[in-house]
Amino acid sequence: MNDGLLELRDWLVEIRIARIGMEATASYWKPLFYLLEATEGVEPWLLNARHIKTVPGRKTDVKDYQWICRLVEYGLVRPSFVPPHDIRQLRDLTRYRTETVRDRARDVNRLAMFLEDSGVKLFSGSSPTSRSARRGPCRMPWWRVNGTRRCWRPSPWAVCRARSRC
């Protein structure tokens, strides 16, 4: 945690600020929001920028903090929903897994293209990341080297449509 954020939190607690409104911009709000969320006696509000702009009044970047303060003080905006800590961790894990699976599929396809450019044909009809490849193992997957067909023992990710070609 950044020392500046810890100093800000201590200062806000010292002067007894009970509610803090902040605009959700990219991911800049996260460290401060999570720190204040864990602080007893401070209620952080995450505000949607679109909701802030729909309230009539002048809004400039220089006076942005004053405008947000007034909107929160007079109750003209509502806080956005921020899921609890456990749900956020589960979402982050799920997003990371999705990204990892996507990266794996991209790498397999990149390897297949590299081998095909080198004269080695591993897959016929579909790639190992396609839907038909995930249905189950095939009897005899095959590959080509310089136009010559060769077969080997079944593999767990083999293409099922290659069964009729071997």
Side-chain angles (χ1 to χ4, degrees), residues 1-118 122-123 125-137 155-161:
M1 190 66 53
N2 189 348
D3 291 338
L5 288 177
L6 296 174
E7 288 178 24
L8 176 62
R9 179 200 59 191
D10 295 340
W11 180 71
L12 291 171
V13 169
E14 181 182 318
I15 62 172
R16 297 187 184 127
I17 299 294
R19 184 175 298 148
I20 296 172
M22 63 184 77
E23 189 174 2
T25 307
S27 61
Y28 301 117
W29 60 272
K30 289 181 180 182
L32 180 61
F33 184 87
Y34 297 155
L35 179 67
L36 295 176
E37 183 182 43
T39 305
E40 195 168 322
V42 178
E43 181 185 7
W45 277 20
L46 186 66
L47 306 172
N48 190 338
R50 185 174 295 164
H51 295 162
I52 293 171
K53 290 178 183 174
T54 59
V55 177
R58 302 187 82 184
K59 181 179 180 272
T60 63
D61 290 337
V62 176
K63 296 184 178 183
D64 198 21
Y65 68 93
Q66 293 173 344
W67 181 244
I68 292 173
C69 180
R70 285 193 180 131
L71 293 177
V72 171
E73 185 179 11
Y74 297 132
L76 297 175
V77 290
R78 291 180 295 149
S80 299
F81 173 73
V82 179
H85 181 70
D86 295 339
I87 302 297
R88 287 195 306 255
Q89 283 185 327
L90 184 61
R91 283 182 174 183
D92 289 342
L93 183 64
T94 304
R95 287 184 184 123
Y96 178 72
R97 182 188 179 281
T98 303
E99 189 176 308
T100 304
V101 169
R102 189 176 299 130
D103 289 345
R104 180 189 173 275
R106 190 182 71 224
D107 290 340
V108 167
N109 287 335
R110 185 181 297 146
L111 177 64
M113 288 174 48
F114 174 76
L115 291 173
E116 285 183 15
D117 288 345
S118 301
L122 290 177
F123 315 111
S126 62
S127 71
T129 56
S130 69
R131 187 174 278 184
S132 64
R134 293 182 295 222
R135 288 188 185 141
S155 94
W157 48 266
V159 179
C160 291
R161 292 184 185 178

Considering all heavy atoms of both residues, which atom of Arg88 and which atom of Val82 are nearest to each other, and what is their separation?
-> NH1-CG1, 3.6 Å

Looking only at heavy atoms, the pair that brings Pro79 and Leu47 closest together is CA-CD2, 4.2 Å

Charged N to carboxylate O below 4.0 Å: is that the case for Arg110 and Asp107?
-> yes

Indicate yes or no: at least one non-hydrogen side-chain atom of Leu5 is less than 4.5 angstrom from one of Pro31.
-> yes

Identify the two heavy atoms, one from Val42 and one from Val13, that lie closest to each other, and give their separation to 0.1 Å.
-> CG2-CG2, 4.1 Å

Taking all non-hydrogen atoms of both residues into account, name the closest pair between Ile68 and Gly21 and its distance.
-> CG2-O, 3.6 Å

Measure across Leu36 and Met22 and return the closest heavy-atom pair with its distance rounded to 0.1 Å.
-> CD1-CE, 4.1 Å

Check Leu35 against Thr39 and note the closest heavy-atom contact, atom names and distance.
-> O-OG1, 2.8 Å

Can you list the residues that meet the salt bridge (Lys or Arg N to Asp or Glu O under 4.0 Å) rule with Arg70, with sequence neighbours excluded?
-> none

Atom pair CD/CG of Glu7 and Leu12 - distance to nearest 0.5 Å = 12.0 Å

Rounded to the nearest 0.5 angstrom, the CG-CD1 distance for Leu46 and Ile20 is 12.5 Å

Can you name the one residue among Val101, Thr94, Thr100 that meets side-chain contact (heavy atoms from CB on, under 4.5 Å) with Arg97?
-> Val101

Are Phe33 and Trp45 side-chain neighbours, meaning at least one heavy-atom pair lies under 4.5 Å?
-> no

Rounded to the nearest 0.5 Å, how far does SG of Cys69 lie from CZ of Arg19?
-> 11.0 Å

Under 4.5 Å between any side-chain heavy atoms of Leu93 and Gln89, yes or no?
-> no

Tell me, please, which residues at least two apart from Asp92 pass salt bridge (Lys or Arg N to Asp or Glu O under 4.0 Å).
-> Arg95

One should read off an interatomic distance between Leu32 CG and Glu37 CD, to the nearest 0.5 angstrom, of 11.0 Å

